[in-house]
Amino acid sequence: MANKVTTVKFDTLLNRAVTEVIVEQELVEMLHSGRRLRLKQGFDPSCPDIHLGHAVGLRKLRQFQELGHQVILVVGDWTAQIGDPSGESLTRPMLSPAEVKANATTYMQQFFKVVDREKTEVRWQSEWFDKFNLSDVIRLTSKFTVAQLLAREDFNRRYKTGRPLALTELLYPLLTAYDSVIVEADVEFGGIDQKFNCLMSRELQVMMGGTPEQVLLVPLLIGTDGTHKMSKSLDNYIGVDEPPKEMYGKIMSLPDNLILPYFELLTDTTEAELEEFKHKINTESINPMLLKKHLAREIVTQFHHTQAAQEAEGYFIKVFQKRDLPEEMPIFPLSFTTYRHLVESSHSQIETLQELFNNEETHQLLTQKKLFSHFHKGEEKRLSAKASEPGQILVDVIDLSLVAGLIKSRGEAKRLLKKGAIEVNGNKITETGPIAIEDGSVIRVGKRRFLRLVNIDN
RNA sequence: GGAGGGGUGGGUGAGUGGUUAAUACCAACAGACUGUAAAUCUGUCGUCCGAAAGGGCUGCGCAGGUUCGAAUCCUGCCCCCUCCA
């Protein structure tokens, strides 16, 4: 346990991927005491997805666990109803208990990809807040002043700039502070943006006759846009639950200047290696792309496994660097026979179609219906099935792409067409109109959108 | 209770009766380039018809109204902010 641990280890523990420790000296003493510490980590179940930004703190938790300490995961099923004030979205719908529960399950499944389940205790706010009555609320709120709460930077900014600030939002820090009191937290973990809340916890703990928790704040991770902190609302995040290929690709799309911070905050790369990477980048003695691939492998391995990382890399090289087709892609199933039949007899009924495709998935069924109804609209749109070779059908690729959801609108399709962004079996398409398609033909839009047509008659 | 300000496309935010499908920026998408889904450059960015020129439709909190014509004016409603009490 803690007594075996050297000061050198503490140094990394308290410095790498850490912005601030309050109060560092006290935390060091605690760590040396040999006591099993209670590490509090809260989460808001209205937003159950964990991304790499969260992972920075969770990795830190994990490191503490490896020294034998205990994590207390507090499920904010009450604070979820208020909404995290930093989100600035007032109109967050209140979640039903069932939704909260479902979200919590999702969250934990991701949470335990990083944190050791064995050394984690899960507590729900409702354990204590369900019993709260008005006098409890008054007792709690009377301990703080408005000025104190407005000291929080984002409250203050919103107040000053005339943006909405709900009364309940001011309650948020008080409730999370109360959590700390109940779970008897020794150390609270959070991003630097949680600093205010954590400090409130300390104050309240003292007011209620306890010892103030120590606070360990980790830096905010910059998102894929390269400027803002990673967050779901900005859609610049990489989820820990994303498929390997997606995760790998998103990391490759990071601006090059994020390579080092990501290595530092999200991997176990040694300090020496970090220095080496830094040197190589500064002297331009390595193509940043290679380092980024290394980073992507590391991270995908961490959240999936080595093989997945290799496959993702293979995919990346094949599809994006070489611009080949991927081995697997979405499939558009279509009965060629039926297709011909319907195209030839323009008066076929949609109902007939429904019957024909009854065994297909609903979604596909719908899209196929649309495809055919489109052809039925105008005479000139009718295609001559006879003109095509056996084993082929004539299809307007644009229509097909629209139906399949590959392209959003006809307008977009036209624009893409003009730029040569659409290809079929490797040949660029430059105008609308029917094209001979066979079983297994591939439609590609841009670099990333693919569709393989499959004849279900075979 | 009183006085005033405001709600615009995914986001920020211009626009106060026609030249506005709506400035700008961001995001997004595509193309070129590239050993990166980096960077850079170029273009696109409501939707439908059309090869195109062009033409429909929908659209500026919600519902009505005035007008040849409304994001812009009027009425009611909903929501937000500020000050006074």
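Heavy-atom basis, side chains included; hydrogens, waters and symmetry copies ignored. Numbered from 1 within each chain, the chains take letters A, B, ... in sequence-line order.
- Donor-acceptor pairing under 3.5 Å, judged by distance alone, is present between the side chain of A:K414 and the base of B:G50.
- Proximity note for A:N287 (side chain, C-beta onward) versus B:A37, B:G31, B:U36: the nearest is B:U36.
- For the P atoms, the distance linking B:G43 with B:C48 amounts to 24 Å, nearest Å.
- Both A:D225 and A:F320 sit near RNA chain B, but only A:D225 has its closest nucleotide nearer the 5' end.
- Protein atom NZ of A:K280 is 19 Å distant from nucleotide atom P of B:U36, rounded to whole Å.
- B:A30 is paired with B:U42 under the Watson-Crick or G-U wobble criterion, all donor-acceptor distances under 3.5 Å.
- Using cut-offs of 30° and 60° for the angle between ring planes, the A:F129 and A:W78 rings count as perpendicular.
- Rounded to whole Å, the P atom of B:U40 lies 38 Å from the corresponding atom of B:A51.
- Using the six-membered ring where Trp is involved, A:F132 and A:Y178 have ring planes that are perpendicular, over 60° apart on the 30 and 60° scheme.
- To the nearest whole angstrom, the two C1' atoms, one in B:G65 and one in B:C81, are 28 Å apart.
- Here A:K447 lies in heavy-atom contact (under 4.0 Å) with sugar-phosphate atoms only.
- Across the protein-nucleic acid pair, A:L295 atom CG and B:U36 atom P stand 17 Å apart, rounded to whole Å.
- Between A:R16 atom CZ and A:E271 atom CD the span is 5.0 Å, to the nearest 0.5 Å.
- Summarising the base pairing, B:G1 is matched to B:C84 through a Watson-Crick or G-U wobble pair whose two defining distances lie under 3.5 Å.
- Residue-level contact check: A:F316 touches the bases, meaning some heavy atom is under 4.0 Å from a base atom.
- Spacing between atom CG of A:N236 and atom C1' of B:G10 amounts to 14 Å, rounded to whole angstrom units.
- Between A:R449 and A:E412 there is a salt bridge, since a side-chain N of the basic residue sits under 4.0 Å from a carboxylate O of the acidic one.
- Residue A:G249 is classed as a base contact, given a heavy-atom separation below 4.0 Å to a base.
- Atom P of nucleotide B:A39 and atom CD1 of A:I281 are separated by 15 Å, given to the nearest angstrom.
- Only the P atoms considered, B:A38 is 9 Å distant from B:C29, to the nearest whole Å.
- Comparing A:I251 and A:L416 by the nucleotide of RNA chain B that holds the closest heavy atom to each, the one mapping nearer the 5' end is A:L416.
- Across B:G6 and B:G61, the matching C1' atoms stand 11 Å from one another, rounded to whole Å.
- OP1 or OP2 of B:G43 has not a single side-chain nitrogen or oxygen of A:R415 nearer than 4.0 Å.
- Rounded to whole angstrom, the span from the CD1 atom of A:I398 across to the P atom of B:G50 amounts to 13 Å.
- Closest approach to the A:P288 side chain among B:G31, B:C49, B:U36 is made by B:U36 (side chain taken as heavy atoms from C-beta onward).
- Residues A:Y248 and A:Y315 place their aromatic rings such that the two centres sit no closer than 6.0 Å.
- Taking atom NZ on A:K293 and atom C1' on B:A38, their separation rounds to 13 Å, with Å as the unit.
- Nucleotides B:G13 and B:U67 have their P atoms positioned 36 Å apart, rounded to a whole Å.
- Out of B:A37, B:C49, B:G35, the shortest distance to the side chain of A:S253 is found at B:A37.
- In this structure, A:M289 atom CE and B:A39 atom C1' are separated by 13 Å, rounded to whole Å.
- At a threshold of 4.0 angstrom between heavy atoms, the contacts of A:K322 with the nucleic acid are absent.
- Regarding contacts with the backbone of B:U47, a side-chain N or O of A:S409 is found under 4.0 angstrom from either OP1 or OP2.
- Between A:H54 and A:F111, the ring centre distance reaches or exceeds 6.0 Å.
- For the side chain to side chain contact (heavy atoms under 4.5 Å, CB included) test with A:P288, the passing option among A:I259, A:L295, A:L254, A:L260 is A:I259; the others fail.
- In the set B:A30, B:C49, B:A37, B:A37 carries the atom at the smallest distance from any side-chain atom of A:M252.
- The pairing partner recorded for B:U75 is B:A63, the criterion being a Watson-Crick or G-U wobble arrangement whose two distances lie under 3.5 angstrom.
- Of the candidates B:U44, B:A37, B:C29, the closest approach to any side-chain atom of A:K419 belongs to B:U44.
- The gap from the C1' atom of B:A70 to that of B:C80 amounts to 24 Å, rounded to the nearest Å.
- Atom CD1 in A:I259 sits about 11 Å away from atom P in B:A39, given to the nearest Å.
- B:A24 and B:U82 are spaced 28 Å apart, taking the C1' atom of each and rounding to whole Å.
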